[in-house]
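The chains referred to below are lettered A, B, ... by the order of the sequence lines, with proteins before strands, and numbering in each begins at 1.
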Amino acid sequence: MGIGETMEAPKDICNLLLAWYAENKRDLPWRKNPDPYSTWISEMMLQQTRVETVIPYYYRFLERFPTVSVLANADEEEVLTAWKGLGYYSRARNLHLAAKIVQEKYQCVFPNSYQALRLLPGIGDYSAGAILSIAFNQPFPAVDGNVLRVISRVICLEGDISEAAVKKKIRQIVSDLIPEGRAGEFTQALMELGAILCLPQNPLCADCPIRVYCLADKNGRQDCIPVRRQSRPPANLDYWVAVVRKDNDILMQYREHTGLLGRMWGLPMAVKNPVVKPEKEFADQLGLNLQKVKSLGNTKHVFTHQVWNMEAIELMPEESRNDLPQGFAWIPLGKIDQIPIPKAFQKIFELGNYM
DNA sequence: AACACGTGGGT
DNA sequence: TACCCAAGTGT
């Protein structure tokens, strides 16, 4: 800093960041009118999900559920159907539940305090900070993956960012940085920097507005930071998936309450077993005599912690019976896009050209 | 603290 | 290909 520079670093960082943001921010739909409801919806959708993925869901969702009241009074199944394909379906259930709470407890006026927001299901520390700063311009830090990356690089922090103590430290730093009266812009500027310049791999440091303040860049550590403990490799599972077809109906299963894809509609599955034929396995499971029509081929679906290697088998019931075991139902092909079916099973339908 | 919880895009 | 990891939360 030269003589006559009275600006302190924190303030300078904020000014550079805000000026850069004003020039370079993306034109995102939820930035048009950051009211509490639409900010909340966008934040729930954006959890662990890319902006480009969220955009079409965001438009459709707000069109169908334009207010807290409409959302609160909708059927859960319709909310889940609107969420279909986005993943992490507990977000949709929590969203629906939270809307009911906002309606009952706050007469549909979205709460604007940290304590009240944190009590709503689906709103954790990050989302509370994001909603308070973006929708209410209150000086709360919102520390997401972007901010963790930006700040850990700026201070050249070599500690593991998945540790609570490290997150806490970064939250404090961000909190101290928030400029007076500009919390919303600042939150978004920090995240935007992480999203478009301070990238996980090959950050574009040459274009960074706060490069002069970045200690990782100064030390040549920008490619090593942030440090994150590596996750356990996913388990590999081999399944048969049954497509039992009766005229235009497909036999589907409402999945059990808990666990992966719980309370979503799926297809009957069985762990592959080399000493049993799939038609026999599914016949036992479904209480139907089944005939194998053909194998529809294999497809893979990757979750964070599991990989499903699926062989889809088309089967035909040998007799027409209507008493199915608990949780199973015949669903007309044309109705399938109106019920919540996760991507893993959508892939099976595509494999067999059913849709 | 560590893991479950979806999906997709980038390298 | 395989791996990383994304505007995280709940348990």
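Figure legend: A:K246 and A:W330 shown as a cation-pi pair, the cationic atom lying under 6.0 angstrom from the six-membered ring centre and within 45 degrees of its axis. Seen from the ring of A:Y57, A:R60 counts as a face-on cation partner, given the 6.0 Å and 45° thresholds.
A:L86 comes within 4.0 angstrom of a base, heavy atoms only. Here A:S162 lies out of heavy-atom contact (under 4.0 Å) with every strand. Across all strands shown, A:P233 has no heavy atoms under 4.0 Å from either base or sugar-phosphate atoms. Using a 4.0 Å heavy-atom criterion, one finds that A:G259 contacts the sugar-phosphate atoms exclusively.
In the model, A:Y354 has a side-chain atom that pairs as donor or acceptor with a side-chain atom of A:E314 under 3.5 Å. With hydrogens and angles left out, the side-chain atoms of A:N298 and A:N309 include no donor and acceptor closer than 3.5 Å.
Between A:E77 and A:R263 there is no salt bridge, since none of the side-chain N atoms of the basic residue sits less than 4.0 Å from a carboxylate O of the acidic one. Salt-bridge formation is detected for the pair A:D125/A:R171: a Lys NZ or Arg NE/NH1/NH2 atom is positioned less than 4.0 Å from an Asp or Glu carboxylate oxygen. A salt bridge links A:E158 with A:R221: the closest approach of a Lys/Arg side-chain nitrogen to an acidic carboxylate oxygen falls below 4.0 angstrom. We find that A:D284 and A:K280 are joined by a salt bridge, their nearest charged nitrogen and carboxylate oxygen being less than 4.0 Å apart. With salt bridges taken as basic N to acidic carboxylate O contacts below 4.0 Å, none links A:E8 and A:K11.
As rounded to the nearest Å, C:dC4 and B:dC3 have P atoms that lie 15 Å from one another. Comparing C:dA7 with B:dT11, their C1' atoms sit 22 Å apart, to the nearest whole Å. For C:dT11 and B:dA1, the C1' atoms lie 11 Å apart once the distance is rounded to whole Å. Taking the C1' atoms as reference points, C:dC5 lies 13 Å from B:dG6, given to the whole Å.
Of the residues in residues 136-152 of chain A, not one comes within less than 4.0 Å of DNA chain B through any heavy atom. Residues from residues 167-192 of chain A placing a heavy atom under 4.0 Å of any atom in DNA chain C, listed by number, are A:M191. Within residues 20-49 of chain A, the residues approached by DNA chain B to less than 4.0 Å at the level of any non-hydrogen atom are A:Q48, A:T49, in residue-number order.
Residues that satisfy the ring pair (Phe, Tyr, Trp, His ring centres under 6.0 Å) test with A:Y114, not counting sequence neighbours, are A:F140.
The nearest heavy atom of DNA chain B to A:P342 and to A:R232 marks one nucleotide each, and the one closer to the 5' end goes with A:R232. Heavy-atom distances to DNA chain C give each of A:G122 and A:S231 a nearest nucleotide, and the one nearer the 5′ end belongs to A:S231.
A:V293 and A:L290 are assigned to two separate hydrophobic clusters, defined by single-linkage of ILVMFWY side chains at heavy-atom distances under 4.5 Å.
Taking atom CZ on A:R228 and atom C1' on B:dA2, their separation rounds to 14 Å, with Å as the unit. A:Y89 places its OH atom 11 Å from the C1' atom of B:dC5, with the value rounded to the nearest Å. We find that CH2 of A:W308 is positioned 12 Å from C1' of B:dC5, with the value rounded to whole Å. Rounded to an integer number of Å, the gap from CZ of A:F303 to C1' of B:dA4 is 12 Å.
In this pair, A:F303 and A:H301 present their aromatic rings perpendicular. The plane angle is above 60°, beyond the 30 to 60° band.
Distance check, rounded to the nearest 0.5 Å: CZ of A:F282 to NZ of A:K292 gives 11.0 Å. Taking CD1 from A:I331 and OH from A:Y254, the interatomic distance works out to 11.5 Å, rounded to the nearest 0.5 Å.
Checked by atom type and distance alone, the side chain of A:K100 pairs as donor or acceptor with a backbone atom of A:A72 at under 3.5 Å. Side chain of A:R153 to backbone of A:I225: a donor-acceptor contact under 3.5 angstrom is found. Not a single donor-acceptor pair under 3.5 Å links the side chain of A:R182 to the backbone N or O of A:L18.
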Close N or O pairs between protein and nucleotides 8-11 of chain B (under 3.5 Å):
from: B:dG8; atom 1: N2; to: A:R50; atom 2: NH1; distance (Å): 2.3

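Distances shorter than 4.0 Å separate some side-chain N or O of A:H305 from OP1 or OP2 on B:dC5.
Think of the region where chain A sits on DNA chain C: with heavy atoms and a 4.0 Å cut, that region ends 5' and 3' at C:dC4 to C:dG10.
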